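Here's the structure we're looking at; comments come further down.
Lettering of chains follows the sequences in order, A, B, ..., and the numbering in each one begins at 1. Given the structure is predicted, the values throughout are model-derived calculations rather than measurements.
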Amino acid sequence: MTGLDDIIHQPLRLRIMAALNALPPGTGLEFAKLKKLTGATDGNLGAHIETLSKAGYVAVDKAFVGKKPQTTVTATAAGRGAFARHVAMLQEIIAGQPPE
Amino acid sequence: MIDSQQASEALADIREIARRVRQSRIYNLASLLMIMWGALVFIANAASFGWPRHAGYIWIAVNVVGLAGSFVVSAFTHSRTGVRTFDLRTLMAFLLFFAFGLATCMLAHFGPRELGVFWAIYFMLFYTIAGLWVGLAFVVIGVGISALTLIGYFLAGNWFEPWMAIVNGGGLVLGGLWMRRE
């Protein structure tokens, strides 16, 4: 599958990246909000965020708000670039141009 | 390799998620203002019930505090998200909206009870129309509070102001809290 980003292409990771890319650069989403938006379970979401993080596509920030731990996930510049290329590739497929 | 059907589905999924994120962001930004105005409206209605002769001054004071508070909330939101929820243009829109309402009240010679109903429904009309563009929650809140306001007008008797404190003020606070969860 040349052209399409294998890391982003997985459905849940695509949703995670779509959600994070809808925000202004540098703005993140809390884990709980991301879970609600993507419809994922805790474990599933955590595993896929880990995969995206290892690829350098998202940054994960863990902090305490009061006594509650809060995880915020933000798309990195590399992640935004990869997502934009992936979307462009999907559009090319629809337009009937085979990926290079 | 995926086919064009699968690519279309993936793009539709992306668009839907992006729409939900934008809506969630709008709800989150608007909810603080809604909660603040709800608390003020609750206080104004309760105070008008306690001191009916001073109701006019109470509502003027609440509107001034509300406008000042809107700028404070906007500054707080801006420091966290970079988005201004209340700026000079919004203030101008509010003043124009308010002036039109004031002119209507002067021409229509409303009594105190009708004034209470008019302003509540007039502001809820704004919420409802805005909701057609920014999200269903605004429509539900606007139509719901308007309907409860009319019920109170006909059925609440001497308890109209307390009814309005709960329905209009409480409704906005609850609506704002609900929007924060979305």
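Contact record, A/Lys36 with B/Arg20: O-NH2, 3.3 Å, taken as the closest heavy-atom pair.
Taken together through direct or relayed side-chain contacts under 4.5 Å among Ile, Leu, Val, Met, Phe, Trp and Tyr, B/Val140 and B/Leu177 form parts of separate hydrophobic clusters. B/Leu174 and B/Leu136 are members of different hydrophobic clusters when ILVMFWY side chains are connected at heavy-atom separations under 4.5 Å. Following chains of ILVMFWY side-chain contacts shorter than 4.5 Å, one cannot reach B/Ile43 starting from B/Trp163, and the two form parts of different hydrophobic clusters. B/Ile121 and B/Ile166 fall into different hydrophobic clusters, where Ile, Leu, Val, Met, Phe, Trp and Tyr side chains are chained together by heavy-atom contacts under 4.5 Å. Linking Ile, Leu, Val, Met, Phe, Trp and Tyr whenever their side-chain heavy atoms come within less than 4.5 Å puts A/Leu34 and B/Ile14 in one cluster.
In this structure, CD on B/Glu9 lies 11.5 Å from CG on A/Leu90, to the nearest 0.5 angstrom. From B/Ser4, atom OG reaches atom CD of A/Glu92 across 13.5 Å, with rounding to the nearest 0.5 Å. Between the CD1 atom of A/Ile93 and the CD atom of B/Gln5 there is a distance of 12.5 Å, given to the nearest 0.5 Å. Here B/Arg25 contributes atom CZ and A/Lys33 contributes atom NZ; the two are 11.0 Å apart, rounded to the nearest 0.5 Å.
By the neighbour-count criterion of 12 heavy atoms within 6.0 Å, atom OH of B/Tyr57 is sparsely surrounded, having that number or fewer from other residues, nucleotides or ligands. Within a 6.0 Å radius of CG in A/Asp61, other residues, nucleotides and ligands contribute more than 12 heavy atoms. Heavy atoms from other residues, nucleotides or ligands lying under 6.0 Å from CZ of B/Phe94 number more than 12.
No side-chain heavy atom of A/Leu14 sits less than 4.5 Å from a side-chain heavy atom of B/Ile17.
Inspection of non-hydrogen atoms places no residue of residues 60-75 of chain B under 4.5 Å from chain A.
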